[in-house]
Amino acid sequence: MAGKLTAQGAGILLVTANVGSLFEDLENLQKTWLREFCQTVQAHRPLFVALHCQEVGGKNYEASMTHVDSFIKELLSSDALKDFSRARVYLDKNYKSQEQFTALGCCYFIHESLKNIQQFDFKAKKFRKVVGKEVCSDALPSAAMLEKEKFPQDYFPEVRHSVLCLAFDLVNIHLFHDASNLVAWEKSPSVYSGTRQKALGFVMDRITDQRFERLPYFIFGDFNFRLDSKQVIESLCSTASMQTVRSADTNEVDKLIFRESDNDRKVLLQLEKKFFSYINQDVFRENNGTLLLEFDRELSVFKERLHELDISFPPSYPYSEDSSQGKQYMNTRCPSWCDRILMSASARDLLVKPENEEKLITYDNIGPNVCMGDHKVQLTNLSN
């Protein structure tokens with residue numbers, strides 16, 4: 001997901017992407033992703049780019065972490081970023097320290113035309129001028145220029161920047177997923193939704209506490225927000241009958257099969273722990289899936305504290321990882337809007353322009369017609 005705003009003449013592009021798939025297919029997915037990202041930077045010509053990545057090193061990180069450095073090198077040396085004279089890259093690659101490992105990465109690129117860019121030193125509690133390019137991956141726990149925390153299976157780093165006297169916090173987040181479709185179906189809202197709500201509340205409390213001066217903040221990453229499984233399935237299969245299939249060994253539910261009452265009892269939906277196969281994927285793509293937005297409710301708990309631009313793009317997850325299938329969803333999870341940019345009220349105010357100014361605001365996919373991995377990268381663009 002990406003966001004661009006214009007603040008006192010400085011174009012700012014915020015990007016979030018779950019990049020786990022890219023390290024499984026370097027020749028196809030990674031090259032496509034890099035091309036689309038670079039084209040986006042070139043199209044919008046920002047002066048400051050913030051890229052938040054999740055699942056850095058891939059899903060099989062023991063085997064794929066060695067490819068991360070070359071991925072970052074490709075970014076830093078790309079034509080799209082050739083005029084960005086300063087950079088800060090923070091990578092959590094230490095998978096051998098499982099109690100602290102997060103697989104998150106934060107990359108910040110600063111255009112040569114910006115003269116007064118400062119980054120906050122959390123230890124000294126003051127801003128410092130940003131000079132040159134630095135990549136940090138070995139000493140994140142002791143790094144002064146970011147805050148890193150790990151909530152049980154959850155983590156966020158916070159980086160604070162000042163761009164042309166406009167100071168703001170950037171928070172990278174990766175919340176818990178749904179471990180089982182069958183468990184998610186049991187009640188509304190699901191137990192997983194409650195866990196994500198608790199974790200996000202922890203993050204919110206942390207970044208708004210009294211340790212530092214409060215600034216406008218953007219939280220962007222893989223929130224793993226899901227549609228309300230029970231209610232969306234009841235809506236999609238309102239006239240269907242349900243068959244329960246249990247394990248012969250444990251008598252636990254193995255799968256649920258929803259069939260039409262007539263029409264030769266055609267299967268509408270089959271649901272298993274990690275299998276979600278609905279008869280008509282077009283429902284998630286038609287009108288950008290907006291008919292299902294009523295079931296996207298996890299953010300409503302924070303409606304007074306967190307804000308988002310209107311969604312007008314299809315669910316961002318889970319897409320096929322087949323490089324030839326740019327629009328096809330995998331039959332693993334119910335498609336959902338997982339990858340997003342959220343902001344505080346004060347950050348939202350940075351986007352609001354006087355009524356007499358011409359402006360264009362969009363919130364959309366990057367690479368909507370190509371395979372970007374199992375997560376789509378989204379684009380928020382504000383220009384005037």
Worksheet entry | Steps toward ring-ring contact (aromatic ring centres under 6.0 Å, His included) verdict (Tyr319, Tyr329) | CA-CA 4 Å; Tyr319 280 89; Tyr329 288 107; 4.5 Å; yes

Worksheet item: Taking all atoms of both residues into account, what is the closest heavy-atom pair of Ala50 and Phe220, and its distance?
Response: O-CE1, 3.8 Å

Worksheet item: Is there a path from Met242 to Val253 through hydrophobic residues (I, L, V, M, F, W, Y) whose side chains come within less than 4.5 Å of each other?
Response: yes

Worksheet item: Do Cys338 and Arg226 have side-chain heavy atoms sitting under 4.5 Å apart?
Response: yes

Discussion item. Pair Val49, Phe84 - check side chain to side chain contact (heavy atoms under 4.5 Å, CB included), show working.
Written reply: CA-CA 9 Å; Val49 179; Phe84 290 72; 3.8 Å; yes

Discussion item. So that I know where these two stand, are Phe225 and Phe223 an aromatic pair - ring centroids less than 6.0 Å apart?
Written reply: yes

Worksheet item: Parallel, tilted or perpendicular for Tyr95 and Tyr61, by the 30°/60° rule?
Response: tilted

Worksheet item: Are the ring centres of Tyr217 and Phe168 closer than 6.0 Å?
Response: no

Worksheet item: Which atom names give the shortest non-hydrogen contact between Lys59 and Ser21, and what distance separates them?
Response: NZ-OG, 3.7 Å

Discussion item. Does any part of the side chain of Phe37, heavy atoms only, come nearer than 4.5 Å to the side chain of Ile366, both counted from C-beta?
Written reply: no

Item to complete: Step through it carefully: locate the ring centre of Tyr317, locate the ring centre of His375, and say whether they are under 6.0 Å apart.
Response: yes

Item to complete: Looking only at non-hydrogen atoms, find the nearest pair between Ile279 and Val267 and report the distance.
Response: CD1-O, 3.7 Å

Fill in: Contact summary for Ser85 and Glu112, nearest pair of heavy atoms
OG-CA, 3.4 Å

Worksheet entry | Flag if over 12 foreign heavy atoms under 6.0 Å of CG, Asn280 | yes

Worksheet item: Would you call Asp178 and Lys273 a salt bridge, taking side-chain N to carboxylate O under 4.0 Å as the test?
Response: no

Worksheet item: Going by an N to O cut-off under 4.0 Å, is there a salt bridge joining Arg285 and Asp282?
Response: yes

Fill in: Pair Cys334-Val232, side chain to side chain contact (heavy atoms under 4.5 Å, CB included): steps then yes or no
CA-CA 9 Å; Cys334 177; Val232 75; 4.2 Å; yes

Discussion item. Between the side chains of Lys266 and Glu260, is the shortest nitrogen-to-carboxylate-oxygen separation below 4.0 Å, so that they form an ion pair?
Written reply: no

Worksheet, complete the sentence: Scanning both residues in full, the closest heavy-atom pair of Pro216 with Ala167 reads CD-O, 3.5 Å

Practice prompt. Could you tell me whether Asp121 and Arg128 have a side-chain N and a carboxylate O separated by less than 4.0 Å?
Written response: yes

Item to complete: Evaluate side chain to side chain donor-acceptor pair (under 3.5 Å) for His177 paired with Asn224, printing each intermediate quantity in order.
Response: CA-CA 5 Å; His177 68 176; Asn224 263 314; 5.6 Å; no

Worksheet item: Are Ile233 and Trp185 side-chain neighbours, meaning at least one heavy-atom pair lies under 4.5 Å?
Response: yes

Discussion item. According to a hydrophobic-cluster definition based on side-chain heavy atoms being under 4.5 Å apart (Ile, Leu, Val, Met, Phe, Trp, Tyr only), do Val370 and Met330 belong together?
Written reply: no

Item to complete: Count the heavy atoms of every other residue, nucleotide or ligand shown that sit under 6.0 Å from CD of Gln281, and state whether that count exceeds 12.
Response: yes

Worksheet item: Is Leu81 close to Leu76 at the side-chain level, that is, under 4.5 Å between some pair of heavy atoms?
Response: no

Fill in: Near-ring test Trp337/Phe284, centroid separation under 6.0 angstrom
no

Worksheet item: Does atom CD of Glu252 have more than 12 heavy-atom neighbours from other groups under 6.0 Å away?
Response: no

Item to complete: Might you confirm whether atom CG of Asp264 has over 12 heavy atoms from other residues, nucleotides or ligands at distances under 6.0 Å?
Response: no

Worksheet item: For the side chain to side chain donor-acceptor pair (under 3.5 Å) test, which of Gln231, Lys230, Glu234 pairs with Ser188?
Response: Gln231

Fill in: Side chains of Asn181 and Ser229 in contact at under 4.5 Å (non-hydrogen atoms)
no

Worksheet entry | No-hydrogen, no-angle side-chain donor-acceptor test under 3.5 Å, Thr16 and Gln54 | yes

Worksheet entry | Nearest non-hydrogen partners of Cys371 and Leu29, listed with the distance | SG-CD2, 3.2 Å

Worksheet item: Should the ring pair Phe122 and Phe120 be called parallel, tilted or perpendicular, given that the plane angle runs from 0 to 90° and is split at 30 and 60?
Response: perpendicular

Worksheet entry | Asp83/Arg45 under salt bridge (Lys or Arg N to Asp or Glu O under 4.0 Å): CA gap, chis, key distance, verdict | CA-CA 10 Å; Asp83 294 326; Arg45 298 191 299 175; over 6 Å; no

Worksheet item: Where do Arg196 and Glu298 land on the salt bridge (Lys or Arg N to Asp or Glu O under 4.0 Å) test, with the steps shown first?
Response: CA-CA 8 Å; Arg196 284 188 289 271; Glu298 294 198 28; 2.7 Å; yes

Worksheet item: Can you list the steps and then say if Leu236 with Leu269 is a side chain to side chain contact (heavy atoms under 4.5 Å, CB included)?
Response: CA-CA 9 Å; Leu236 293 175; Leu269 172 69; 6.0 Å; no

Worksheet entry | Euclidean distance, Leu104 CG relative to Asp222 CG, rounded to 0.5 Å | 9.5 Å

Worksheet entry | Test item: side-chain donor near acceptor, Lys327 and Asn369, under 3.5 Å | yes

Worksheet item: Should we count NZ of Lys274 as having more than 12 external heavy atoms under 6.0 Å?
Response: no

Practice prompt. Kindly determine whether Val183 and Glu186 satisfy side chain to side chain contact (heavy atoms under 4.5 Å, CB included), including the steps that lead there.
Written response: CA-CA 5 Å; Val183 173; Glu186 289 176 354; 4.3 Å; yes

Worksheet item: Is it true that the side chains of Ser277 and Gln270 contain a donor and an acceptor less than 3.5 Å apart?
Response: no

Discussion item. Pair Asn288, Ser312 - check side chain to side chain donor-acceptor pair (under 3.5 Å), show working.
Written reply: CA-CA 6 Å; Asn288 294 318; Ser312 59; 5.4 Å; no

Item to complete: With rounding to the nearest 0.5 Å, note down the distance linking CG in Leu299 to CG in Leu200.
Response: 7.5 Å

Discussion item. Just checking Phe276 against Tyr278, ring centres under 6.0 Å apart?
Written reply: no

